Amino acid sequence: MVRIDGLHKSFGHLEVVKGVDLDVHKGEVVVIFGRSGSGKSTVLRCVNFIEDPTLGSIEVAGIRLEGGHRTRHKRDQIRKLRLHVGMVFQQFNLFPNMTVLDNVTCAARCAKRGSDAEIAQRAKDLLDRVGLADKAGEHPIRLSGGQQQRVAIARALCMQPDVMLFDEPTSALDPELTGEVLGVMRTLATEMHMTMMVVTHEMGFAREVADRMAFFHEGRILEQGPPSEIIGSPEHAETRAFLDAVL
Ligand code: ADP
Ligand code: MG
């Protein structure tokens with residue numbers, strides 16, 4: 001579903017991603033973890049071309065794009081590729097002046113991902129799935145952080161993506177609210193079989209839900225494997241040190 005091939009990304013003279021290869025298969029959940037500044041967000045942002053790769057290629061759902069400058073053709077392809085990718089950030093970025101339901105349907109309506117009636121029905125089903133059916137008419141300010149993040153997840157899903165990217169979706173939340181968001185993500189993986197790339201340091205979630213974990217270190221994947229191996233018996237001292245600090 002996703003193929004990251006030889007990805008490099010520099011900001012000016014600073015090279016922050018130094019050759020990342022990563023394949024994510026349909027229905028697979030890959031957890032990405034590693035120290036702050038190791039390039040996790042940059043890699044995720046390259047997958048849907050929020051950042052343009054300096055070098056390398058990204059393939060999503062059969063659409064393959066090279067890094068480098070944007071031509072008109074490439075801009076069209078980026079638009080197509082993005083229809084397959086949903087993203088959830090640390091900050092939920094909901095529109096404060098819209099109801100929860102409008103937040104969920106807005107992008108889908110703009111992109112014409114079905115008739116208005118279909119989209120509204122889908123949004124209601126999704127709000128039900130994330131446990132917020134009764135909040136459709138509320139404004140985001142009336143919701144807790146955990147509820148707002150669940151709305152953000154429903155909003156991304158309303159676009160009917162093939163892959164969901166999560167960038168530290170629970171790090172801005174009070175500890176007692178992380179569980180409800182991780183619960184929704186677990187359901188998404190186990191019941192909806194969503195393909196997911198998740199940057200998180202929630203090792204309990206990783207152990208239970210991830211098919212594979214990838215440890216990022218200084219712009220590279222230092223090691224990857226099933227959670228039992230990566231958490232249980234990491235190969236590299238850097239991985240071990242990081243795990244000791246977060247576990
Ligand atoms: P992580 O998500 O693992 O914490 P990031 O991918 O956010 O790491 O950042 C990796 C490095 O790239 C950091 O040193 C960060 O300061 C730098 N960086 C990220 N985005 C930009 C940008 N837009 N301009 C300049 N430097 C950036
Ligand atoms: Mg980050």
Side-chain angles (χ1 to χ4, degrees), residues 2-24 29-58 60 65 67-70 74-75 78 81-82 85-93 145 148-149 152-153 156 163-175 177-178 181-182 185 196-206 209-210 212-225 227 230-231 234 236-247:
V2 179
R3 167 159 289 172
I4 301 171
D5 197 8
L7 177 67
H8 291 254
K9 176 65 183 177
S10 300
F11 295 106
H13 293 299
L14 182 68
E15 191 180 40
V16 303
V17 179
K18 303 172 182 171
V20 163
D21 302 302
L22 186 64
D23 287 355
V24 184
V29 177
V30 175
V31 160
I32 292 168
F33 70 114
R35 266 209 291 275
S36 177
S38 58
K40 307 180 299 295
S41 295
T42 303
V43 167
L44 229 52
R45 291 158 66 84
C46 282
V47 170
N48 63 356
F49 286 81
I50 295 174
E51 301 285 0
D52 278 294
T54 308
L55 206 68
S57 70
I58 302 288
V60 177
L65 282 172
H69 292 296
R70 290 191 184 191
K74 189 173 167 190
R75 261 193 283 274
I78 288 173
L81 178 146
R82 282 188 182 150
V85 185
M87 188 154 184
V88 173
F89 303 89
Q90 188 173 326
Q91 302 300 341
F92 338 115
N93 305 319
Q148 290 189 46
Q149 190 60 302
I153 293 171
V163 55
M164 286 281 286
L165 312 178
F166 291 88
D167 194 357
E168 304 206 36
T170 60
S171 348
L173 299 176
D174 292 331
L177 300 178
T178 60
V181 172
L182 295 174
M185 292 166 62
M196 293 163 53
M197 298 177 71
V198 185
V199 176
T200 187
H201 295 145
E202 295 286 343
M203 290 301 138
F205 173 84
V209 182
R212 194 147 42 94
M213 294 176 74
F215 177 68
F216 272 55
H217 183 69
E218 296 179 353
R220 292 188 180 87
I221 296 177
L222 193 60
E223 60 183 305
Q224 58 175 304
I230 296 292
I231 299 178
H236 291 268
E238 287 86 351
T239 319
R240 213 168 302 132
F242 185 84
L243 286 167
D244 283 345
V246 296
L247 281 173

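Numbers for residues simply follow the sequence, beginning at 1. Remember, predicted model here, so these are calculated numbers, not experimental data. One-based numbering, in listed order, for ligands and for the atoms of each.
Those atoms of ligand 1 with a heavy atom of Ser36 less than 4.0 angstrom away are 4 (O). For ligand 1, the atoms closer than 4.0 angstrom to any heavy atom of Thr42 are 5 (P), 6 (O), 9 (O).
The closest protein non-hydrogen atom to atom 4 (O) of ligand 1 is Gly37 N, 2.7 Å. Regarding atom 15 (C) of ligand 1, its nearest protein heavy-atom neighbour is Val16 CG1, 5.0 Å. Here the protein heavy atom with the shortest distance to atom 3 (O) of ligand 1 is Lys40 NZ, 2.7 Å. Ranking the protein heavy atoms by distance from atom 7 (O) of ligand 1 puts Ser41 CB, 3.6 Å first. Counting only heavy atoms of the protein, atom 8 (O) of ligand 1 lies nearest to Gly39 N, 3.3 Å.
Counting only heavy atoms from C-beta outward, the side chains of Val17 and Cys46 never approach each other to under 4.5 Å.
Ser41 lies close to the Mg ion (ligand 2), since one of its N, O or S atoms is found at a distance under 2.8 Å.
Closest non-hydrogen pair, Gly6 versus Asp21, comes out as N-OD1, 2.6 Å. For the pair Asp23 and Ile4, the tightest heavy-atom approach, listed with the atom from each and the gap, is OD1-N, 4.1 Å.
The nearest protein heavy atom to atom 22 (C) of ligand 1 is closer than 4.0 Å. Distance check on atom 26 (N) of ligand 1: some protein heavy atom falls below the 4.0 Å cut-off.
Residue-level proximity to ligand 1 for Arg35 is carried by the backbone, the only part with a heavy atom below 4.0 angstrom.
The N/O atoms of Phe11, backbone and side chain alike, include none that comes under 3.5 Å of an N/O atom in ligand 1.
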